[in-house]
Amino acid sequence: KPVRAWCAVPARFLSKTPVKLRPFFAEPNRMSSIVTSTRAAEFREQLSRRVMVADGAMGTMFYSKGVFFNRCYDELNLSAPQMVKEIHQEYVKAADDILETHTFGANRARLAAFGLGEKLQGINQAGVRIAREAAGDKAFVAGAIGPLGVRIEPLGPTSFAEARDIFREQAQALFDSGVDLIVLETFYDLNEIREAIFAVREVVGPEMVIAAHVTVDDDGMMRGTDPETYTKKLDEWPCDVVGLNCSVGPKTALETIEQ
């Protein structure tokens, strides 16, 4: 079975051999399906034959520019689009092949905490537009999706079905706006990333690449689950790239990937 790897610390270096997806199908939005399908296919082809370099963090870049953590960073797509674009452009200048949209927390659950739930569509659409403008013809645009920021069953009140619906809503907004791939990142709950993967695949269909990144503790465990277990599960689910990002730094990430 093909090995899949995406090393994600601190900039994301990824490589993979070709894989066949199991048949998960969804009806794409007709307005963006032709362009999205073409770019998605081009990205999958390039990913199958070469190492690609993705961008790094956004939050720390905003903080360095004086934007504090007590506000909704995703909303900057609407209130400070030029600042977002300039950060993307810095990564393009560093020769990145992939720009992630500034939409890590742009799901309904996280946005609602700031009273911004009804701006979900606009924030995600703007995130894709800004990244595309910065990327030009030099980089692919990945739709970034992070955890919900709430506990899901059995650890919290949010059901699996509710979680999947929330992920599906954001994935649809990103897909309709024309991303080339989807990146799920910084997930620490195996049940949650499962719902995210299946929600995204239902939206984007079988062609688009889905990268699934988890974050781990210093011992490589993901909320008590060992690497052998969570990588096996991720490999069974309909994503194309698996990897690590954030939290523990390169040493632990490398050791965990080697496992």
Side-chain angles (χ1 to χ4, degrees), residues 1-9 12-26 40 43-44 47-49 51-52 54 98 100 104 142-148 150-156 158-164 166-168 171 181-259:
K1 196 169 185 178
V3 175
R4 305 177 298 183
W6 182 329
C7 179
V9 205
R12 303 171 186 84
F13 298 84
L14 61 98
S15 64
K16 107 180 207 334
T17 52
V19 299
K20 287 187 177 181
L21 290 176
R22 289 181 290 174
F24 286 83
F25 297 96
F43 178 78
R44 179 177 289 278
L47 184 61
S48 71
R49 61 182 173 81
V51 172
M52 303 183 76
I98 303 164
E100 288 191 32
F104 173 81
I145 297 177
L148 301 181
V150 296
R151 291 288 185 92
I152 69 171
E153 62 175 303
L155 301 175
T158 305
S159 70
F160 294 148
E162 289 170 330
R164 188 174 297 197
I166 297 171
F167 285 125
R168 187 186 295 112
L181 67 149
I182 296 288
V183 176
L184 306 171
E185 60 180 0
T186 324
F187 280 78
Y188 188 57
D189 185 314
L190 196 57
N191 289 328
E192 186 175 19
I193 198 169
R194 178 195 65 216
E195 296 307 317
I197 290 169
F198 279 91
V200 172
R201 184 57 72 199
E202 289 168 12
V203 170
V204 305
E207 185 175 68
M208 184 172 287
V209 167
I210 300 174
H213 291 171
V214 302
T215 189
V216 297
D217 295 320
D218 290 334
D219 57 3
M221 303 285 276
M222 180 186 180
R223 187 165 278 164
T225 305
D226 61 83
E228 290 79 5
T229 300
Y230 60 71
T231 51
K232 180 180 179 181
K233 287 295 185 182
L234 289 168
D235 196 49
E236 292 172 354
W237 298 333
C239 57
D240 306 282
V241 179
V242 298
L244 304 175
N245 77 288
C246 202
S247 298
V248 293
K251 181 179 184 295
T252 298
L254 178 59
E255 291 172 350
T256 305
I257 289 171
E258 288 174 339
Q259 288 183 349

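Count residues from 1 along the sequence. All values derive from a computational prediction rather than experimental measurement.
For the atom pair CD1 of I197 and CD1 of I182, the computed distance is 12.5 Å after rounding to the nearest 0.5 Å. T229 contributes atom OG1, which lies 8.5 Å from atom CG of L190 (distance to the nearest 0.5 angstrom). Between the CE atom in M52 and the CG atom in L181 there is a gap of 8.5 Å [rounded to 0.5 Å]. For the atom pair CG (D217) and OH (Y188), the distance works out to 3.0 Å, reported to the nearest 0.5 Å. Here the CG atom belonging to D189 is positioned 5.0 Å from the CD1 atom belonging to I152, to the nearest 0.5 angstrom.
The salt bridge (Lys or Arg N to Asp or Glu O under 4.0 Å) pairs that include a residue from residues 190-199 are R164-E195, where partners are two or more places apart or lie in different chains.
Residues meeting the side chain to side chain contact (heavy atoms under 4.5 Å, CB included) test with A144, sequence neighbours left out: E100, T101, T103, E185. Evaluation of the side chain to side chain contact (heavy atoms under 4.5 Å, CB included) rule for R151 yields L155, R223 as partners, not counting sequence neighbours. Residues satisfying the side-chain hydrogen bond (donor to acceptor under 3.5 Å, both in side chains) criterion with D218, sequence neighbours excluded, are absent altogether. Partners of T186 according to the side-chain hydrogen bond (donor to acceptor under 3.5 Å, both in side chains) rule, which considers only residues two or more places apart in sequence or in another chain, are N245. In this structure, the side chain to side chain contact (heavy atoms under 4.5 Å, CB included) partners of E255, at least two apart in sequence or on a different chain, are K251.
In this structure, the side chains of L234 and F187 stay at 4.5 Å or more apart for every pair of heavy atoms. Residues V200 and C239 form no side-chain contact, since every pair of their non-hydrogen atoms from C-beta on lies 4.5 Å or further apart. Between I210 and L184, the closest side-chain pair of non-hydrogen atoms falls below 4.5 Å.
Scanning all heavy atoms of the two residues, the minimum distance from V248 to V216 falls at CG1-O, 2.8 Å. Minimum heavy-atom separation, A212 to I193: CB-CD1, 3.9 Å. Across V242 and H213, no two heavy atoms sit closer than the pair C-CD2, 4.4 Å. Taking every heavy atom of both residues into account, F104 and P147 meet most closely at CZ-CD, 3.5 Å. Listed here is the closest heavy atom pair of V183 and A142: CG2-CB, 3.6 Å.
The aromatic rings of F198 and W237 sit perpendicular, their planes meeting at an angle over 60°, well past the 30° parallel limit.
Within the 3.5 Å criterion, the main-chain N or O of M221 finds a donor-acceptor partner in the side chain of D219. A distance-only check finds no donor-acceptor pair linking the side chain of Q259 to the backbone of E228 [under 3.5 Å].
Using a 4.0 Å cut-off between a side-chain N of Lys or Arg and a carboxylate O of Asp or Glu, D226 and K232 do not qualify as a salt bridge.
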Notebook entry, point to check: Would T225 and K233 satisfy side-chain contact (heavy atoms from CB on, under 4.5 Å), going step by step from the backbone distance to the final call?
Noted result: CA-CA 11 Å; T225 305; K233 287 295 185 182; over 6 Å; no
Item checked: Residue pair L244, T252: steps toward the side-chain contact (heavy atoms from CB on, under 4.5 Å) verdict -> CA-CA 10 Å; L244 304 175; T252 298; over 6 Å; no
Next item on the list: Would you please test V203 and F167 for side-chain contact (heavy atoms from CB on, under 4.5 Å) and show each step?
Entry: CA-CA 10 Å; V203 170; F167 285 125; over 6 Å; no
